[in-house]
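Notes to accompany the following structure.
Computed from heavy atoms alone, side chains included, the values below leave out hydrogens, waters and symmetry copies. Lettering of chains follows the sequences in order, A, B, ..., and the numbering in each one begins at 1.
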There are 4 protein chains.
Amino acid sequence: MRADAQRNRERILAAAEAVFADKGPTASTEEVAARAGVAIGTVFKHFPTKQALLQAIMKGLLGRLEGEMAEFAADDAPGEALFTFVARMVEQAARKRTVVGLLAETGVDLQVATSVRMLREGIETLLVRSQEAGTVREDVRLDEVIALLTGICQGALHAGWDDDLQRRTLAIVFAGLRTPEGRG
Amino acid sequence: MRADAQRNRERILAAAEAVFADKGPTASTEEVAARAGVAIGTVFKHFPTKQALLQAIMKGLLGRLEGEMAEFAADDAPGEALFTFVARMVEQAARKRTVVGLLAETGVDLQVATSVRMLREGIETLLVRSQEAGTVREDVRLDEVIALLTGICQGALHAGWDDDLQRRTLAIVFAGLRTPEGRG
Amino acid sequence: MRADAQRNRERILAAAEAVFADKGPTASTEEVAARAGVAIGTVFKHFPTKQALLQAIMKGLLGRLEGEMAEFAADDAPGEALFTFVARMVEQAARKRTVVGLLAETGVDLQVATSVRMLREGIETLLVRSQEAGTVREDVRLDEVIALLTGICQGALHAGWDDDLQRRTLAIVFAGLRTPEGRG
Amino acid sequence: MRADAQRNRERILAAAEAVFADKGPTASTEEVAARAGVAIGTVFKHFPTKQALLQAIMKGLLGRLEGEMAEFAADDAPGEALFTFVARMVEQAARKRTVVGLLAETGVDLQVATSVRMLREGIETLLVRSQEAGTVREDVRLDEVIALLTGICQGALHAGWDDDLQRRTLAIVFAGLRTPEGRG
DNA sequence: CATGAATGAGCTTTCATTCAT
DNA sequence: CATGAATGAAAGCTCATTCAT
């Protein structure tokens, strides 16, 4: 791909993230084009359908999340890594309308599904590690963690929680996840 | 209002709830009219904009929830009323696409805001009663409960959790809310 | 259907026939709406897709043709009815770009297919009657007649034959169809 | 013109013929470029508009037809040459969506018009020769032959006749063209 | 010369809303 | 009051054409 095309692709992705973050996924592709400073045709050249554009955003987000997870997994305090990761993700969700809507979207294609699976596996690693470290209850399964993560993110996303409310809400969920010992 | 007009109003509301529950809030007003068995003009006679229709639905839902809350508040086991109510609401959310999306919607008018406030007060009653009964931790505030309720409902709504996952997820949240004694 | 709606429906059909006759089936629906003096939405209210509009035109044309065939079948000179009918149809085709393009169109839905079948049957009646009258050769089958009809219509349609050329061309085809006796 | 440019020109023409034969003249220029293995810009370098490309194809086809006609004119059985040529052309039309549509297209430029005239002359030669040989009726004029040729080609083209139907249809037309003696 | 990214007018289709019947 | 036909502004998407690389 040529340098200018690559630059435009990135500008479109950035514009799309911003626009969809502002107005939700029903915002028009035209607005994305305008924000990116390109013509509408250029957006559709790079992403042949609106779905494709949304999926590309999602893929990017998931990629970044995987990156963060890798860091946390390499952390010194494995028992806390899951909590930190979830808190970070919720924080991001509160700023991006796109993330969570897309996480729960049905009918994503294979590439994206792969990314999701990789995210699942990353979270599973954090979960297992926390359970081995004794901070998370043994009877907690991956599905519930994902469910809670999705739910809390969507809540944060739509309700526009402030930092304090976010912290307090997570505190409750974390208390529910922790072992008696983990609660200190 | 004449009797037939009143009857139409109710049929439209019922149809709208059903349609939006099925297809989400992007379903067309025309479809609501069709399901109600009236012409499109009649819908707009009763609800001058689509927003107004959505708000009316929300008001109705909130009213019914208030009713349920009154029952729970009058229950024998005040310590468990909050948990039961939350569980019931999440269960409904999984079946109605409208409820939660609307709960978090911005730009509601005064009348609806009043209903929301009343719902808040109802939940607060349940919360306080639970705390007095010693089943919910003293440091939990109303805002977090609402936040969790909204979040979990939205999660259940979009992700299509099955009954088991719903139960397990709520179990974690409830564990986070309960006092050590309440966990038994 | 209300009177004004019926009137609009007819104006749209007439406009569509005119526009597609002028510019072929790639002419825009917008132009049809403009020519009919209605908004674009009105066209799509009556004919939910462009295909539906084209099929409606075709159905109308076929209907008129069936009517003509009924007349010819009731005629005194059964041996000449087929020739007259074919000549009439070719004449019309020379003035309407739509007719023939649609006659040969693939993928028409059931309703239209029914109409086509009825037209086939009508032509078959004319053919059999001509053969019984001894003016058309016994070894001529319905398929060839339809094929010739379609082909000649398309030729007349696109090449803009004048009356004389049309007559001379048909004379050749008719000579090919006739029995030696029928040629007189 | 440089050798590689010439080679590209030919590849584009071949690709265009193939693509338009497959999908009709509404196929996109981009697809032609892809099939030719060149970039879209290269297509427009050689043929400044889509129309120009279509006309170039037509010119090529006409040229080839002239070649074939020369062969037939030099044939031993001059009385049958016209019939053979027409049959051959119809057969091709059934396989190439472009030929006939373009043959009847209006607005061709001078160069192409010249080619058409030359084709006319070739057919005229075949016609005259057949009439001299006594197989085609004296009162048949060139215009009707061209008209029949165009019409039958278009019919075959759009309706997708099978070989048998094609043969039977042509048999009728040929019977109409032949002298009583020629029918033997 | 070839490339292929960018353009933008134009297309079909949808839907909230209005208003004559 | 109810009806439902008409409206027309978008929306998503396509494609012939241009021009910087």
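Each of D:Glu30 and A:Glu30 was matched to the nucleotide of DNA chain F holding its nearest heavy atom; the match closer to the 5' end belongs to A:Glu30. Nearest-nucleotide mapping onto DNA chain F: of A:Arg2 and A:Thr26, the residue sitting toward the 5' end is A:Thr26. Sequence order on DNA chain E of the closest nucleotides to C:Phe44 and B:Ala27 puts C:Phe44 first from the 5' end. Comparing A:Val38 and C:Pro48, the nucleotide of DNA chain E nearest to each residue sits closer to the 5' end for A:Val38.
Across all strands shown, the partner of E:dT21 is F:dA2, judged by Watson-Crick or G-U wobble contacts whose two distances both fall under 3.5 Å. Across all strands shown, E:dC15 forms a Watson-Crick or G-U wobble pair, both distances under 3.5 Å, with F:dG8.
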Run the side chain to side chain contact (heavy atoms under 4.5 Å, CB included) check on B:Gln55 and B:Phe47 step by step: do they pass? CA-CA 10 Å; B:Gln55 287 177 358; B:Phe47 308 96; over 6 Å; no

What's the verdict on side chain to side chain contact (heavy atoms under 4.5 Å, CB included) for B:Leu13 and B:His46, showing C-alpha distance, side-chain angles and the deciding distance? CA-CA 10 Å; B:Leu13 271 175; B:His46 285 283; over 6 Å; no

Can you list the steps and then say if D:Phe20 with D:Leu53 is a side chain to side chain contact (heavy atoms under 4.5 Å, CB included)? CA-CA 11 Å; D:Phe20 293 138; D:Leu53 177 56; 4.2 Å; yes

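Across F:dA6, E:dT13, E:dA5, the shortest atom-to-atom separation from the side chain of A:Ala5 is found for E:dA5.
Judged by atom type and distance alone, A:Lys45 reaches the base of E:dA5 through a side-chain donor-acceptor pair under 3.5 Å.
If you take CD of A:Gln6 and P of F:dT21, they are 16 Å apart, rounded to a whole angstrom. Put simply, NZ on A:Lys50 is 12 Å from C1' on F:dA10, counting in whole angstrom units. For the pair B:Phe47 CZ and E:dT18 P, the interatomic distance rounds to 16 Å; values are reported in whole Å. Look at CZ on A:Arg11: it is 16 Å from P on E:dA5, rounded to the nearest Å. Distance CD1 (D:Ile40) to C1' (F:dT17): 9 Å, rounded to an integer number of Å. Per the geometry, CG belonging to B:Leu53 stands 15 Å off P belonging to E:dC15, to the nearest Å. Distance C:Leu54 CG to E:dT12 C1': 13 Å, rounded to the nearest Å. If you take NZ of B:Lys23 and P of E:dT14, they are 13 Å apart, rounded to a whole angstrom.
In this structure, the side chain of A:Lys50 engages the main chain of A:Pro25 through a donor-acceptor pair within 3.5 Å. The backbone N or O of D:Ala36 sits less than 3.5 Å from a side-chain atom of D:Arg11, completing a donor-acceptor pair.
Distances shown here put every side-chain N or O of B:Asn8 at or beyond 4.0 Å from the OP1 or OP2 atom of F:dC1. Within the structure, every side-chain polar atom (N or O) of D:His46 is placed at least 4.0 Å from both OP1 and OP2 of E:dC1. The shortest distance between the side-chain N/O atoms of B:Thr29 and the OP1/OP2 oxygens of E:dA16 is below 4.0 Å.
In this structure, C:Thr42 reaches the bases: a heavy-atom distance under 4.0 Å links it to at least one base atom across the strands shown.
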